[in-house]
Amino acid sequence: MSGKTLEGCPEWETILHSYVDDELDAVHTIQFEQHLATCQDCTATLEGLKDMKRVVGRDDVKWKAPDEVRAHIMTAISLEEARRQAPASQRRRRESVWWRGLQLFGQWSFIPSLAVLAASLMLVLGNPQTSAPIQNELLASHVRSMLANHLVDVETSDQHTVKPWFNGKIDFSPPVVDLTAAGFPLIGGRVDYIDGRVVAALVYRRHGHVINLFVWPGEKVAQSETMHDGYNLFEWSGGGLVFWAVSDVASPDLAAFRDNFSKAAGL
């Protein structure tokens, strides 16, 4: 795996490595293969990566990363891809020490997989803001839901359709409310997997921004709010359920969403 950066099209570098490792969703796979058809540099780099993968795949050198390490790597990749696709103003706002470190490791490492591993370790160990595993999972799920075009499993603004859709898919009944009048229209819902459990994800919008509301049974928790790399995460509880709202909307908007949701749900 070459350590040479793709100078002609660096925006495809992360996707190229994910493509080699069969970690791209169908949409991004098609986009990248269309790019390969017109780019000799990426095609040549891809062949080199495939050759190296065959070498490291031999029995005498093969090493399987622990599941925890792989989860952190996927989080780092999801966040990096979101940063690349964000508008320039958001990229400048989210630029931080660990992002610059990610770029440095990507240029330095002679094995790109080690660069990604180093970046994930920076994400987990080097930045105290992202030290909570549950918050890493929530943020990664929020980003992936938009990148992989899997925002909802049931797409409707009708709360009376979304709520019964969860029957048989999860072992609890999440409150589903219509907040259109408050400026937070319901988009739909899906099931997700967070912290080793299947959870409900309710999707709302605010001025074009997506709000993912993750819900699962749990003990009462203290209301809290944090920011990770430009995204706000709000936690609260009620009615025997724990709620996490994740979005890049401004903190006051997400606080208003939390308050309106709790009031409408009778929490």
Side-chain angles (χ1 to χ4, degrees), residues 82 86 90 93-94 129-130 132-146 150-267:
Q90 291 186 18
R93 176 166 58 89
R94 295 174 188 171
Q129 286 187 330
T130 54
I134 185 68
Q135 295 178 356
N136 288 341
E137 287 193 47
L138 290 164
L139 185 51
S141 292
H142 173 77
V143 173
R144 282 198 300 268
S145 71
M146 294 182 290
H150 184 205
L151 194 57
V152 294
D153 290 325
V154 54
E155 183 175 2
T156 177
S157 59
D158 184 1
Q159 65 192 80
H160 301 296
T161 299
V162 175
K163 186 175 178 64
W165 179 85
F166 285 106
N167 293 341
K169 299 178 177 66
I170 52 178
D171 57 2
F172 65 98
S173 180
V176 182
V177 296
D178 181 8
L179 299 178
T180 301
F184 302 95
L186 175 67
I187 302 303
R190 70 177 188 279
V191 291
D192 213 315
Y193 192 77
I194 301 292
D195 196 28
R197 76 188 82 192
V198 179
V199 306
L202 305 176
V203 185
Y204 293 83
R205 286 195 185 275
R206 175 66 166 178
H207 303 317
H209 297 268
V210 171
I211 298 175
N212 266 299
L213 178 61
F214 300 93
V215 188
W216 63 81
E219 302 294 331
K220 183 177 181 180
V221 298
Q223 184 171 292
S224 66
E225 57 184 86
T226 55
M227 173 178 278
H228 289 202
D229 296 297
Y231 292 90
N232 288 304
L233 297 91
F234 279 37
E235 180 187 20
W236 72 98
S237 61
L241 300 171
V242 173
F243 301 86
W244 278 93
V246 184
S247 180
D248 62 350
V249 298
S251 180
D253 281 343
L254 200 56
F257 168 79
R258 175 196 60 205
D259 296 342
N260 278 280
F261 182 92
S262 297
K263 181 179 180 181
L267 301 177

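- Counting only heavy atoms from C-beta outward, the side chains of Arg206 and Ser247 never approach each other to under 4.5 Å.
- Residues His207 and Val249 fail the side-chain proximity criterion, which asks for heavy atoms closer than 4.5 Å.
- Side-chain atoms of Glu137 do not come within 3.5 Å of backbone N or O of Ile194 as any donor-acceptor pair.
- Atoms CH2 and CG, from Trp236 and Leu267 in turn, are 8.5 Å apart once rounded to the nearest 0.5 Å.
- You'll find the side chain of Glu235 reaches within 4.5 Å of the side chain of Val242, heavy atoms only.
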Return all side-chain donor-acceptor pairs below 3.5 angstrom for residues 168-182, not counting sequence neighbours, or 'none' if the list is empty.
from: Lys169; atom 1: NZ; to: Trp165; atom 2: O; distance (Å): 2.9
from: Ser173; atom 1: OG; to: Lys163; atom 2: NZ; distance (Å): 2.8
from: Asp178; atom 1: OD1; to: Thr180; atom 2: N; distance (Å): 3.0
from: Asp178; atom 1: OD1; to: Thr180; atom 2: OG1; distance (Å): 2.7

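- Atoms CG and CG, from Asn232 and Asp253 in turn, are 9.5 Å apart once rounded to the nearest 0.5 Å.
- Partners of Phe184 according to the ring-ring contact (aromatic ring centres under 6.0 Å, His included) rule, which considers only residues two or more places apart in sequence or in another chain, are Phe257.
- Separating the NZ atom in Lys263 from the CG atom in Asp259 is a distance of 10.0 Å, to the nearest 0.5 Å.
- Of all the heavy atoms in Leu138 and Leu233, the pair that sits closest is CB-CD2, 4.3 Å.
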Test log, rule side-chain contact (heavy atoms from CB on, under 4.5 Å), inputs Phe261 and Leu202: CA-CA 11 Å; Phe261 182 92; Leu202 305 176; 4.2 Å; yes

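- No side-chain donor-acceptor contact under 3.5 Å links Ser141 and Asn212.
- The shortest distance between side-chain heavy atoms of Phe234 and Ser251 falls below 4.5 Å.
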Carefully, step by step, assess Val210 and Arg205 under the rule side-chain contact (heavy atoms from CB on, under 4.5 Å). CA-CA 5 Å; Val210 171; Arg205 286 195 185 275; 3.4 Å; yes

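- Considering only heavy atoms from C-beta on, Phe166 stays 4.5 Å or farther from Val154 through its side chain.
- Judged by distance alone, the side chain of Asp248 and the main-chain N or O of His209 form no donor-acceptor pair under 3.5 Å.
- In this structure the side chain of Trp244 never reaches within 4.5 angstrom of the side chain of Val199, judged on heavy atoms.
- Smallest separation of non-hydrogen atoms from Ile211 and Ala245: CG2-CB, 4.4 Å.
- Nearest heavy atom pair, residue Ile187 against residue Val152, reads CG2-CG1, 4.3 Å.
- Nearest heavy-atom pair across Leu139 and His228 is CD2-CB, 3.8 Å.
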